[in-house]
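Let me begin by presenting the structure, written as structure tokens, before commenting on it.
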Amino acid sequence: MWDAVVLTLQLALVTTLILLLIGTPLAWWLARSHHLLSQLVATLVALPLVLPPTVLGFYLLILVGPHSPLGRTLDQWFDLRLAFSFEGLVLGSVIYSLPFVVQPIRNAFELMGERPLEVAATLRASPFDRFWHVALPLARPGLLCGAVLGFAHTLGEFGVVLMIGGNIPGETRVVSVAIYDYVETLQWGAAHRLSAGLLLFSFVCILAMNLLDKRLRRGPL
């Protein structure tokens, strides 16, 4: 049981860090671009919100499976196997949780408006300085919300991780898959303990996010 808990926390932490790294510049671009391409990218980012997780997991498995061209290339050239591995779980989780991180950050950038950036530009701040010293601090509530949502959503993911990771104890069996296993084998006590722990942890995450968001909107900590 505990190996699934540790693996799930590792997966959520790695996924959240990757999502913040790629989601923040992506959200910045989506918030400031009015090109048709940005609308197409925004649609692709939001697709996991309506797509059944098993569908996304199935196509990811087809894309990176051991018999696919990409899977064979990664295996032969980089000794990297994504299907039924922790790396595959990370890939699936990043794609599936991407809209939960990008959308709050994008909203924060849009609500910020152009005025703070224009003031910084008049003070001869470079585009990087405007982004790093003006936009990011003002978007802290969105960044916090995106990080918590990405972490919490990855904790509870089931369909994608089962399709691309399988159910290998100690390697790819996360909490949600372990709960499914316990229910199938009628181990109700173990399923209840894991489910209750996941429920409590998710509640605490959302509560902490709301409290911090309220504090941040009132001013610097």
Side-chain angles (χ1 to χ4, degrees), residues 1-23 44-45 47-101 146-205:
M1 177 187 296
W2 287 109
D3 58 345
V5 173
V6 172
L7 182 65
T8 303
L9 291 175
Q10 289 176 341
L11 175 64
L13 180 60
V14 172
T15 299
T16 303
L17 291 176
I18 295 175
L19 282 170
L20 286 176
L21 286 176
I22 65 175
L44 286 175
V45 169
L47 201 56
L49 293 174
V50 297
L51 198 62
T54 49
V55 174
L56 179 60
F58 172 73
Y59 282 114
L60 279 176
L61 185 59
I62 294 295
L63 179 66
V64 302
H67 303 297
S68 70
L70 179 59
R72 286 198 299 269
T73 301
L74 292 174
D75 189 7
Q76 293 173 2
W77 289 89
F78 303 101
D79 194 25
L80 177 62
R81 301 173 183 84
L82 292 178
F84 310 115
S85 67
F86 181 77
E87 290 79 6
L89 292 182
V90 172
L91 174 65
S93 299
V94 165
I95 294 175
Y96 193 64
S97 296
L98 187 61
F100 293 88
V101 175
V148 173
L149 286 179
F151 190 88
H153 188 258
T154 304
L155 281 182
E157 173 45 31
F158 175 74
V160 172
V161 295
L162 182 62
M163 293 295 286
I164 196 171
N167 185 9
I168 307 173
E171 294 185 30
T172 62
R173 188 171 71 168
V174 295
V175 167
S176 57
V177 177
I179 292 172
Y180 178 76
D181 269 357
Y182 288 138
V183 171
E184 270 206 321
T185 54
L186 303 181
Q187 299 181 63
W188 297 101
H192 174 68
R193 285 192 292 274
L194 275 180
S195 299
L198 199 60
L199 176 64
L200 179 62
F201 189 82
S202 300
F203 178 81
V204 170
C205 280

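For the residue pair Cys205 and Val148, the shortest heavy atom distance occurs at O-CG1, 3.6 Å. When all heavy atoms of Ser68 and Gly71 are compared, the closest pair comes out as OG-N, 2.9 Å. The two atoms that bring Gly166 and Phe84 nearest to each other are N-CD2, 3.7 Å, heavy atoms only. Between Leu7 and Glu171, the shortest heavy-atom contact is CD2-O, 3.4 Å. Closest approach of Val5 to Leu194, counting heavy atoms only: CG2-CD2, 3.7 Å. Scanning all heavy atoms of the two residues, the minimum distance from Ser176 to Gly156 falls at CB-O, 4.1 Å.
Counting only heavy atoms from C-beta outward, the side chains of Tyr59 and Leu61 never approach each other to under 4.5 Å. Val161 is listed as a side-chain neighbour of Ser93, based on a closest heavy-atom distance under 4.5 Å. Val94 has its side chain within reach of Ile22: a pair of non-hydrogen atoms, C-beta onward, lies under 4.5 Å apart. When side chains are defined from C-beta on, Tyr96 counts as touching Pro53, because their heavy atoms get closer than 4.5 Å. Contact annotation: the side chain of Val101 never approaches that of Leu149 to less than 4.5 Å [non-hydrogen atoms, C-beta and beyond].
For the atom pair Leu9 CG and Phe151 CZ, the distance stands at 5.5 Å (nearest 0.5 Å). Here the straight-line distance linking atom CG of Leu91 with atom CD1 of Ile164 works out to 5.0 Å at 0.5 Å rounding. Here Tyr180 contributes atom OH and Thr185 contributes atom OG1; the two are 11.0 Å apart, rounded to the nearest 0.5 Å. Here the straight-line distance linking atom CG of Asp75 with atom CZ of Arg81 works out to 4.0 Å at 0.5 Å rounding. To the nearest 0.5 angstrom, Leu82 atom CG is 9.0 Å from Leu63 atom CG. From Leu49, atom CG reaches atom CG of Leu98 across 9.5 Å, with rounding to the nearest 0.5 Å.
Just one residue in the list Leu155, Leu162, Leu89 forms a side-chain contact (heavy atoms from CB on, under 4.5 Å) with Val174, and that residue is Leu89. Of the options Thr16, Thr154, Thr15, a side-chain hydrogen bond (donor to acceptor under 3.5 Å, both in side chains) to Ser97 is made by Thr154 and by none of the others.
Under a 3.5 Å cut-off, the side chain of Thr8 and the backbone N or O of Val175 do form a donor-acceptor pair.
The environment of Phe86 atom CZ is dense: over 12 non-hydrogen atoms of other residues, nucleotides or ligands sit within 6.0 angstrom.
Shown here are the salt bridge (charged side-chain N to carboxylate O under 4.0 Å, His left out) partners of Arg72, two or more places apart in sequence or in another chain: there are none.
Ring planes of Phe100 and His153: parallel class, angle under 30° (limits at 30 and 60°).
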